[in-house]
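These notes concern the structure reproduced below.
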Amino acid sequence: MNKFLLPVLSLALAAAGFCADAPKPILIGLVAKSQSNPVFQAARVGAEDAAKELSAKYNLAIKIDWRTPNEEDAQKQAEAIEQLVLTGADGIAVSCSDANKLTDAINSAVDNGVPVATFDSDAPKSKRFVTYGIDDIQCGMQVMDELAKLMGGKGTVAILAGSQNAPNLQMRVQGVRDAAAKYPDIKILDAFYHKETAQDAAAKIEQVMNAHPDINGWALIGGWPLFTDNALKWQAGTVKCVSVDALPAELAYIRNGQVPVLLAQQCYAWGHRSVELLIDKVVFKKDPPAVKEVSALIPVTAANVDDFAKNWDKWLPK
């Protein structure tokens, strides 16, 4: 070949993406529960940030493929996992809406050489190599302990429980019940399940309060109704309430006194840490020291609400 054509050919190959020095792209699939929930938007930002940081650190080209259904749908999550395998994903992170419906899809991905991590909500009987998130039993217990303090150790409590099929929420309900057993003057009325949207959750609270006006404590194991304004129809202090999560909309309920304590999950870290764990597994063939990696809840009260709010400037998509 004419030596004068070599530089031209090299430039053409580089422009077409065939540069020998270019790292092979690594595709990480991210399948959260729903597009509309801000905690999963924060997880997506965390994953994207981790991809950028680790790409720079290790000279990699990590890409995040966001395959989350618009609304919670375990069947669509399973289909997303199957599609990610077919499109050549190197690893997948998923928050399971229904462990029973997702276990086969996770196992199929792993059997096809694609490691799977779960975050937030696990599929414990699947072949996933790691799960990252809070200890859900301890979460429920912490909600109840905080609520019992506010209630002076007596009264009637209702549990707002989200999807009945989500294993993480089932464990939080169990944690609330376990902790309530320590308080003989507190009665758990029941756990009330609902579609995980702000509107459905707020409607469920209103329906239950109308039927049971003696309730004077709510244990919210997820912050769903607090994602919108004016969801709670009582004056501050008349009904005690503790909730999991501390999203921007929820912080208003701290400031107006209706919810004195929020227990914040580290939802940004769901995405960020999942990508770190998957890159360790995919690139460096490194397994985590334990299958369960626990992240702590962060209490948010009137004393630290303004400082905590600054996190959301980073955590939500711009």
Side-chain angles (χ1 to χ4, degrees), residues 37-39 134 136-164 166 168-265 297-302 305 308:
N37 192 328
V39 297
I134 61 173
D136 289 297
I137 293 284
Q138 289 298 319
C139 171
M141 295 182 73
Q142 194 170 343
V143 168
M144 187 63 246
D145 286 338
E146 294 285 355
L147 186 57
K149 292 177 192 174
L150 295 172
M151 297 174 65
K154 60 183 179 181
T156 300
V157 170
I159 306 169
L160 191 72
S163 170
Q164 196 163 8
N168 65 325
L169 301 182
Q170 293 170 1
M171 287 188 285
R172 292 183 202 177
V173 169
Q174 186 59 52
V176 172
R177 294 186 184 277
D178 289 349
K182 299 184 294 185
Y183 307 100
D185 293 327
I186 286 182
K187 171 191 172 184
I188 298 294
L189 179 65
D190 206 348
F192 297 94
Y193 298 93
H194 54 88
K195 190 175 180 181
E196 292 182 22
T197 68
Q199 293 74 21
D200 285 283
K204 178 60 69 174
I205 288 179
E206 187 170 7
Q207 173 193 356
V208 174
M209 287 297 294
N210 287 336
H212 303 278
D214 57 320
I215 292 170
N216 59 349
W218 274 94
L220 276 57
I221 61 167
W224 310 283
L226 310 183
F227 299 165
T228 189
D229 294 335
N230 304 313
L232 307 182
K233 306 304 182 184
W234 57 77
Q235 291 185 343
T238 57
V239 178
K240 308 300 183 184
C241 185
V242 173
S243 176
V244 177
D245 296 325
L247 279 73
E250 293 179 81
L251 302 183
Y253 290 90
I254 289 278
R255 294 183 173 116
N256 71 17
Q258 285 186 305
V259 184
V261 181
L262 296 171
L263 298 174
Q265 298 184 82
L297 290 163
I298 301 169
V300 181
T301 67
V305 62
F308 185 84

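In this structure, CG on Asp178 lies 6.0 Å from CD1 on Ile137, to the nearest 0.5 angstrom. Once rounded to the nearest 0.5 Å, the distance linking CG of Asp136 with CZ of Arg172 reads 4.5 Å. To the nearest 0.5 Å, the span separating CE on Met144 from CD1 on Ile186 amounts to 4.0 Å.
Checked against side-chain hydrogen bond (donor to acceptor under 3.5 Å, both in side chains), Asp145 has the following partners two or more places apart in sequence or in another chain: Lys182, Tyr183. Under the rule for a side-chain hydrogen bond (donor to acceptor under 3.5 Å, both in side chains), Glu250 has no partner lying at least two apart in sequence or in another chain.
A donor-acceptor pair is defined here as one N or O able to donate and one able to accept, closer than 3.5 Å; no such pair exists between the side chain of Tyr253 and the backbone of Pro260. Of the possible donor and acceptor atoms, one in the side chain of Lys233 sits under 3.5 Å from a partner among the backbone N and O of Asn230.
Residue Thr156 comes nearest to Asn216 through the heavy atom pair N-OD1, 2.8 Å, listed as atom of the first residue, atom of the second, then distance. Nearest heavy atoms, Pro225 versus Gly222: CD-O, 4.3 Å. Pairing each heavy atom of Ile254 with each of Ala302, the nearest pair is CG2-N, 3.6 Å. Shortest non-hydrogen contact noted between Gly217 and Leu147 is C-CD2, 4.2 Å.
Partner of Ile221 under the side-chain contact (heavy atoms from CB on, under 4.5 Å) criterion, chosen from Leu160, Leu263, Val176, Asn168: Val176.
The salt bridge (Lys or Arg N to Asp or Glu O under 4.0 Å) contacts involving residues 207-222 comprise nothing, where partners must be two or more places apart or lie in separate chains.
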Side chains of residues 189-207: which donor-acceptor pairs under 3.5 Å do they make with residues two or more places apart or in other chains?
unit_1 : atom_1 : unit_2 : atom_2 : d
His194 : NE2    : Gly162 : N      : 3.1
Lys195 : NZ     : Glu71  : OE1    : 3.2
Glu196 : OE1    : Trp224 : NE1    : 3.3
Glu196 : OE2    : Ser163 : N      : 3.0
Thr197 : OG1    : Asp200 : N      : 3.1
Thr197 : OG1    : Asp200 : OD2    : 2.6
Lys204 : NZ     : Gln207 : OE1    : 3.4

All N/O donor-acceptor pairs, side-chain side in residues 238-246, below 3.5 Å, sequence neighbours left out:
unit_1 : atom_1 : unit_2 : atom_2 : d
Thr238 : OG1    : Gln235 : O      : 2.6
Lys240 : NZ     : Gly237 : O      : 3.3
Asp245 : OD1    : Gln265 : NE2    : 2.7

For this session: Just do the side-chain contact (heavy atoms from CB on, under 4.5 Å) check on Leu247 and Leu226 with the steps written out, would you?
Result: CA-CA 8 Å; Leu247 279 73; Leu226 310 183; over 6 Å; no
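For the pair Val157/Lys187, no side-chain contact is recorded, criterion being any heavy-atom separation below 4.5 Å from C-beta on. You'll find the side chain of Trp218 reaches within 4.5 Å of the side chain of Val208, heavy atoms only.
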